[in-house]
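Here's the structure we're looking at; comments come further down.
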Amino acid sequence: MLSLFRITSKPIMRRTMNVSYVHFCFVHAKRADKSLPKPKKIISKKVKSQKPNESKPHIEKMSKETLLVVKKAPILEEIIDEQDEPIPMTKNVNAVGDFVAIQRNGKLFTGITIKLRSDPSALGKNLLFVRKGFELPYRDDDVAFVIPEHTFAQKLNDSSLSKGLISEAHGKFASDLTKSAMILSQSKILELRQIYSRYASPDEQQTNVSTIHDMTCYVFKTNKPELAQLLATVMYVLKESAYFIPNISAMRNHNQIILRAKSDVAAITKVLELIRLRDSSVTEFQSKAQEIVNYIRSNTNNSSTEYITSQIDTLPKFTEQDKLFINFIRSYVFNSQTSHGLFETPIASILKPMKLYDCDLDKNCATQFLREIGVWSPWENLNVYDSRIMLNGHGVSKISDNDQEISLKLAKDLMNTKPFGYKRKEKSSKSSTIIKSPLNLGLMDFYPYDICENIRCDFGELPVYTIDDYTAHEIDDGVSIERLNGTDSDLASMWIHVHVADPSTYIPPGHKLSQIARTRVQSIYFPERNYSMLPSITSEQRFSLGVGAKDYGSCVLTFSMRIGNDGTFLDYKVRPGIVRRVKTLYYDDVDTVLSWDNIGRDKEEIEFFHKQRHFHPREIPTPKNTREELSLSEKQDLLDLQKLAVIHMKRRINLGSFMFMLPQPSIELFPIPLPRSNPDPQAPIIHTGMPIIQVGLDKSMHSPARAMVAELMVMAGIVASKFCQERNIPILYRRQDPPVSSIIDEELKNIDLRNGALPITSTVKVRPLMSTARLTTEPGTHWAMGIHEGYSKVTSPLRRYCDIVAHWQMKAALLDNALPFSKDELESMALHVRAREKDIGKTQMLSSKFWILNLINRFKEAGTLPELTGIVLNAFENGHKNVLIRELGVHGMFNDDNGTVNLGDIMKVYPVQCDPENTNLFLRLL
């Protein structure tokens with residue numbers, strides 16, 4: 001059981017990398033971690049004052065009672081507009097003067113922020129301060145609870161505390177608030193214990209979600225809870241991890257607490273009771289586990305070239321009682337950092353008597369145990385179980401699994417209907433006055449006909465080029481060029497058309513598939529499998545651009561533009577359209593047609609990116625796709641499209657756009673998808689052989705075809721922004737504020753004007769100072785993209801919810817119908833979308849690193865490790881430096897106590913310690 005929490009003046013600290021620093025007083029479990037370094041003490045700090053709206057754009061203006069509501073292989077068209085989210089640097093989750101509560105290894109710490117790592121004087125670190133001047137390192141991801149500007153809202157001797165000086169007086173407020181919360185949590189313990197029964201889901205198998213605010217109102221019988229009351233509730237739910245899932249991200253980003261399903265609570269309670277009573281079921285499970293582990297260790301052959309899974313009839317099966325222990329161990333693996341005290345002793349009671357492991361009985365040991373009893377594969381990627389992203393098919397979320405079942409049923413219903421057909425008609429940009437509007441559509445009803453049929457522009461025999469990777473199955477977009485005077489070579493007289501797949505032709509904005517897509521926000525791409533936002537069968541066989549184009553026409557939403565020789569827009573159009581002549585092309589083939597003049601890199605570096613192809617145990621063969629031959633006129637179309645894209649790109653560069661040219665990994669596995677582990681295992685699964693892992697580098701900015709398509713997609717996003725602004729149509733825009741720093745201005749002078757690339761030496765200085773993009777209903781500047789007139793993503797509606805929302809809005813305006821989403825609804829949507837994008841991005845990054853580190857370990861075991869070189873990107877006060885391995889696009893750390901290596905240096909490195917489970921890679925210099 002968890003020990004009671006208490007206040008102490010002796011701080012506990014743990015050394016971490018890429019961390020923030022905090023002055024603090026804190027609450028922690030009685031047993032201290034003696035391995036932690038001594039705290040650093042300071043007397044006072046001068047802190048640069050920050051305006052609330054500048055330091056915390058992610059926090060809404062709030063009333064006192066809601067102060068705690070705290071509002072992170074790139075896809076082709078995102079290569080340019082997603083560079084504002086550098087890895088591993090991320091946006092701060094709090095600001096100077098905030099009261100912050102963090103949780104680490106079952107301990108709760110509280111304190112006051114005094115400096116942000118985005119402050120140039122902070123050298124990439126944050127600092128927190130509380131009474132007695134102690135400091136504690138912490139990660140942004142540890143932050144569970146924030147009271148914005150709590151310190152500056154207080155008064156001392158009837159005077160407001162200065163924002164320019166943080167002193168012990170500020171720390172005292174944090175200490176007093178924590179002590180008050182402790183007293184309240186003790187005096188209201190009976191009411192706090194009723195939270196679970198009050199807010200748990202009535203469905204025995206389902207988790208539930210509530211807010212800190214609502215729970216606090218219930219406990220303290222008030223509509224306007226005080227700060228100490230809110231903190232008391234947070235402290236209680238974080239301690240009682242048998243009833244509450246301590247999802248720090250949900251608490252920080254959404255003010256939410258996740259309550260375990262009643263069946264899970266009963267199972268946890270049951271296991272604890274069985275262990276306490278030394279029930280025979282425990283020893284029976286241990287005996288089975290020993291037999292299975294010994295068999296797998298003796299008989300598994302991972303040197304086989306063919307990967308297969310099988311069951312062995314002679315091995316014991318798992319009973320319902322066995323599954324209690326299996327699920328208990330799984331819960332520990334998933335919650336070891338936040339529920340340490342609940343699981344630590346029981347896990348040891350299960351694993352230790354078997355004498356199978358001569359190591360600490362920690363998360364890594366428990367993970368190995370589940371692999372060695374055949375519940376998980378030897379290469380199980382635990383990121384798929386992340387409760388923040390709730391992937392279907394893994395037993396993580398009943399809601400996600402139910403949504404998937406509904407999606408597949410609806411997809412089957414749609415595929416059983418005939419696709420809309422379009423008779424050929426003369427191409428016209430004029431809208432018909434005959435408009436159909438279906439009425440009384442139910443939640444599960446698709447459009448019975450195309451409501452835009454009479455305003456669609458038929459592009460007839462105009463060639464439409466879809467250009468993508470050979471692995472692409474769903475095609476979002478295609479491009480074409482139309483010359484006003486037939487063969488006129490004047491670029492200003494040419495229309496560029498970006499045709500985008502149009503799933504909104506069939507799916508109404510209020511449809512169940514739309515609701516599920518809103519929950520998912522986007523498709524998720526892991527190396528071992530993809531999780532589609534919309535059902536794969538519909539995206540690939542009904543909505544994908546070009547499906548049925550020759551027979552009945554492919555419906556699209558087209559963004560058209562003409563630009564002048566200086567890259568400015570001369571004219572633009574947004575129209576629902578029909579395309580019929582679609583040519584499927586691949587990047588590498590188009591690269592042979594286009595000019596390489598504006599790639600901007602020397603030949604050796606381009607060759608370096610293209611030749612990286614590291615694999616084990618063997619290479620994955622490239623599929624032999626049928627290549628469509630191009631006529632001379634079609635080649636000229638592509639060359640003219642490239643010229644226009646380059647003109648626009650150079651205009652953006654002149655307006656401040658730039659690109660980081662750091663290596664990013666491109667990972668392939670075989671077989672794909674890998675088999676899923678059964679969330680309800682009936683028997684151990686034996687894995688023979690191993691999947692192929694193959695890692696190359698993303699060639700997006702080292703390929704003229706990829707660069708051209710990316711720029712054309714950006715141009716479509718600008719057209720959408722112009723269209724919606726001029727008609728007062730609310731949509732979601734991507735914005736990024738420029739940082740204020742003389743360093744930035746100086747380094748941007750080094751941009752390669754051919755393609756906007758920053759050299760490595762400038763990249764390492766600029767990245768830490770950049771802010772992330774914001775999602776808002778107000779158009780504005782996107783600094784890193786050099787766009788000042790507004791920008792929105794609209795070219796990937798098959799895999800991004802915001803894109804299809806923009807389509808619904810624009811089509812409603814074109815039809816003179818009521819807009820499906822108000823500005824207020826979109827503002828609310830933006831909070832959910834941005835938070836989920838951040839969670840998905842982080843999980844995808846960790847998944848990629850997991851597989852790359854597995855490949856490195858295979859190379860080391862086989863003695864075939866290739867020569868590796870690293871770029872130094874970040875330096876930390878403890879001597880550690882962050883290095884990007886150029887050949888694999890993966891980050892690692894090495895210790896440079898002597899300070900002999902500078903930012904931007906490239907040197908040979910060797911992976912000393914490679915831990916895929918915790919995605920840690922430690923290097924040494926050669």
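Between atom CE of residue M659 and atom CG of residue N755 there is a gap of 8.5 Å, rounded to the nearest 0.5 Å.
Looking at S633 and S631, their side chains do bring a donor and an acceptor atom within 3.5 Å of each other. Side-chain atoms of R727 and Q809 include no donor-acceptor pair closer than 3.5 Å.
Between Q725 and Y733, some side-chain heavy-atom pair lies under the 4.5 Å cut-off. With contacts defined as side-chain heavy-atom distances shorter than 4.5 Å, the pair I467/L638 qualifies. For the pair Q636 and D640, the minimum side-chain heavy-atom distance is below 4.5 Å. No side-chain heavy atom of E482 sits less than 4.5 Å from a side-chain heavy atom of D637. In this structure the side chain of F459 never reaches within 4.5 angstrom of the side chain of V464, judged on heavy atoms. E453 is not listed as a side-chain neighbour of F420, based on a closest heavy-atom distance of 4.5 Å or more. At a threshold of 4.5 Å between non-hydrogen side-chain atoms, the residues P665 and L888 do not count as touching. Counting heavy atoms from C-beta on, the side chains of I507 and L534 come closer than 4.5 Å.
Under a 4.0 Å N-O distance rule, the pair E634/K583 qualifies as a salt bridge.
Between F821 and W808, the ring planes are tilted. Angles from 30° to 60° get that label. Between W495 and H497, the two ring planes are parallel [angle under 30°; tilted spans 30° to 60°]. A tilted orientation is assigned to the rings of F559 and H807, their planes being inclined by 30° to 60°. The aromatic rings of Y506 and F543 lie tilted to each other, with the angle between the two planes from 30° to 60°.
For F569 and H648, the distance between ring centers is under 6.0 angstrom.
Seen from the ring of Y587, K699 does not count as a face-on cation partner, given the 6.0 Å and 45° thresholds.
Here K811 pairs with C452, R456, D502, S504, T505, L557 under the side chain to side chain contact (heavy atoms under 4.5 Å, CB included) rule; sequence neighbours left out. Here F446 pairs with H511 under the ring-ring contact (aromatic ring centres under 6.0 Å, His included) rule; sequence neighbours left out. Under the rule for a side chain to side chain contact (heavy atoms under 4.5 Å, CB included), the partners of H473 that lie at least two apart in sequence or sit in another chain are E540.
Enclosure of atom CZ in F670 is not indicated, since only 12 or fewer non-hydrogen atoms of other residues, nucleotides or ligands lie within 6.0 angstrom. Within a 6.0 Å sphere centred on CD of E726, heavy atoms belonging to other residues, nucleotides or ligands number more than 12. Enclosure of atom CG in L632 is not indicated, since only 12 or fewer non-hydrogen atoms of other residues, nucleotides or ligands lie within 6.0 angstrom.
A side-chain contact (heavy atoms from CB on, under 4.5 Å) with R706 is found for one member of V590, I599, D469 and no other, namely D469.
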Hey, mind stepping through D803 and S796 against side-chain hydrogen bond (donor to acceptor under 3.5 Å, both in side chains) and telling me if it holds?
-> CA-CA 6 Å; D803 295 40; S796 295; 4.6 Å; no
